[in-house]
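Heads up: the structure comes next, in C-alpha cells.
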Number of protein chains: 2
Amino acid sequence: MAGAAGDRRNASEGEPVTLGESAYQRLRADIVVGTFKAGEPLRLEALRQRYGLSFSPLREALMRLQSERLVSSTALRGFSVAPLSRSEIEDATETRILIESEALRRSMRNGDDDWEAGIVAAFHALNLQVERQRVAGTVEAADLFAMEERHHHFHQALIAHCNSPRLLELADQLYVETQRYRLPNYFGGTLGKRRRDAAAEHRAIMDATLRRSDDAVRLLADHYRKTAEIIEASIEWPTPK
Amino acid sequence: MAGAAGDRRNASEGEPVTLGESAYQRLRADIVVGTFKAGEPLRLEALRQRYGLSFSPLREALMRLQSERLVSSTALRGFSVAPLSRSEIEDATETRILIESEALRRSMRNGDDDWEAGIVAAFHALNLQVERQRVAGTVEAADLFAMEERHHHFHQALIAHCNSPRLLELADQLYVETQRYRLPNYFGGTLGKRRRDAAAEHRAIMDATLRRSDDAVRLLADHYRKTAEIIEASIEWPTPK
DNA sequence: GCTCGACGTATTTTCGAAAATTTGCTCTTG
DNA sequence: CAAGAGCAAATTTTCGAAAATACGTCGAGC
C-alpha cells in the first residue's frame, strides 16, 4: 500500500530494485502506521539494525521523506519523525482540498468514458472491501491496508484525468500525509463510535462527478474537512492548538 | 540567491554547515543557471570532481533535487537534469497560479501593517535594482542574481501572510522551477527585444493587493502566464509540444 | 545480413570505518 | 549553589573502496 502508486521514480514502479528504495518504502510505512511516533528521533544506528542496511541508503530515504514532510531534520543533529499538530492537520487538509478541487474540475472537463469507468470500478472495489469488513466484524491489519489501498485508488480515479503531473503528485503526497493521522485512529479503536457513513459520501461524490456537477467539488471538500474534524476531536493534544 | 530563502531545513537557514547541504545548493544553482542543460546526464564521478566531494553527500543532494523536480533518475542508471518541455512549463505555471492565488487571497485576508510594509519595501528594493541596471546598460551576472533575489522577495512578500507553511513552500519550489527557464532566457540575450514593462505589472499587482482587491489575483495570474508565453515563444523546441 | 550471447568497461549502489560534531557528565570556580 | 570548562561517549556525516549492475562491442550462429 505504501510506496506503490503515484511515485514517478521507477518508470512503472514495482518492487524496490534498490536498497535505498526499499528503505524509503519501509520507513514511510513505519511512520504512517505509527510504529515511529510523531516527534520521535530516528537514530541511524537503530534504523540500520532494524532494516539491516547501511547508512547511505538510509540517509537517502530520510532525505526523500523530509522533502515529503514526513521527517524533519536539523543540520548535525539527525532526523526525527515530523511532529503532528492541529495546525499541521488543518494545513494539510486545506491544501489537499485546494489541489484536489482544481484537479477534479479539470478531470470533469477532460474526462472520457475510460475515466468514468475507472471511477465506477474503483468505487465498486472499495465498497466490496467495506462490505467484506462489515460482515466479518473484525478488523485485520491486512484488511485495513486493502481498504486504504482501495480508498486511495478511488480518490485517485476521480482526479486521474486532470492532465497535470504536478497536481497528481501533490495529491498523492497529501494523501500519505493525511494517512498518517487517519491510520493510528483506526487502530486506536474509536471504530465503533463512527456514526459516519463514508460509503454514502463516496457515492454522492461519485454521482456528482459523473454528472459533471460543481457539487462534486463541494462534497469532496466537505468529505475531507469532516475527516479532519473527526481526527482532531479524537486526539488529546499536548498543548492546545 | 539559490538555497537561501524558503528552506525549512536549517532553522534560520544560513551558510551550508554540511557538505550535503552545500552540494545541494551548488547543484541546484548549476541546474537553474543552465550549466547543466536539461536532459543532460549527471555522472557521479564528474560531479565528484567538480565539487570535490564524495558520493554520499552528492547522492543525498540529488535525491532532494529529484523531489523538487529538478532532477530525474532511473533505478540503476543514475541521475539526469529533468527535461524541459512546453507541457512542463505550462503545468508549472498553472500550478503556481493555483497555489499563489490562494495564498494571495489568504494573505489579503490576514495581512496586517507589517505585511503591507514588507510588500512596499520589497517592491522598492526591486525597483532600485531595475533602475540601477537600466542606467548601467550592461548586465553583469551578479546584477542578474541580485535582480532574481529581489524579484523572488517581492513575490514572497505578497503571499507572506497566507498562514500556510505548505503553500509557502510550494510557491518557493515552483519559483525555482520557473527560474530554470527564465534565467537561460536572460543570458540568451533576447533582452533588448523585451517590450515588457514588468515594473508596471508589479506595481499594479501591489496596488490591487494593498487595496485588497480581487483584481490582484487576476493580475498575478496574467503576470505569470505572460512570462510563460514569452519563454515558450523564445525557445525552439525539439519536437513540437 | 541480422540476432543473440559473452565479455570487458563504465557507472551506480552499498558498505564499514574514519572524521567531525553534538550531548551529557563531572569537576572546578566564583 | 549556579555557571562554565573540559572530557568521554554517542551520533551524525563523510570518505574511499568493494560489490552489483548496466552498457557497448565483438564474434558466433543462423
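The model shown is predicted, which means the values in this text are computed figures rather than measured ones. Convention: sequence-line order gives letters A, B, ...; per-chain numbering from 1.
- In the model, B:Q129 has a side-chain atom that pairs as donor or acceptor with a side-chain atom of B:R132 under 3.5 Å.
- Near-neighbour residues of DNA chain C inside residues 41-55 of chain B, defined by a heavy atom below 4.0 Å, number-ordered: B:L42, B:R43, B:L44.
- In 5' to 3' order, the nucleotides of DNA chain C bounding all contacts with chain A (an atom under 4.0 Å from a heavy atom) are C:dT13 to C:dT23.
- Between B:P165 and A:D91 the shortest side-chain heavy-atom distance falls below 4.5 Å.
- Remark: the A:Y181 side chain and the A:T93 side chain contain an N/O donor-acceptor pair separated by less than 3.5 Å.
- Under 3.5 Å, the side chains of B:Q156 and B:H153 contain a donor-acceptor pair of N or O atoms.
- A:S56 comes within 4.0 angstrom of a base, heavy atoms only.
- Nearest-nucleotide assignment on DNA chain C puts the 5′-proximal partner with B:R59, out of A:L76 and B:R59.
- Taking the six-membered ring where the residue is Trp, A:Y175 and A:H152 present parallel rings, their angle staying beneath 30° rather than reaching 60°.
- Annotation: ring-ring contact (aromatic ring centres under 6.0 Å, His included) contacts of A:Y224 (sequence neighbours excluded): A:H155.
- Side-chain contact check for B:M63 versus A:R59: every heavy-atom pair is 4.5 Å or farther apart.
- Using a 3.5 Å distance cut-off with no hydrogens or angles, the side chains of A:S87 and A:S85 do pair a donor with an acceptor.
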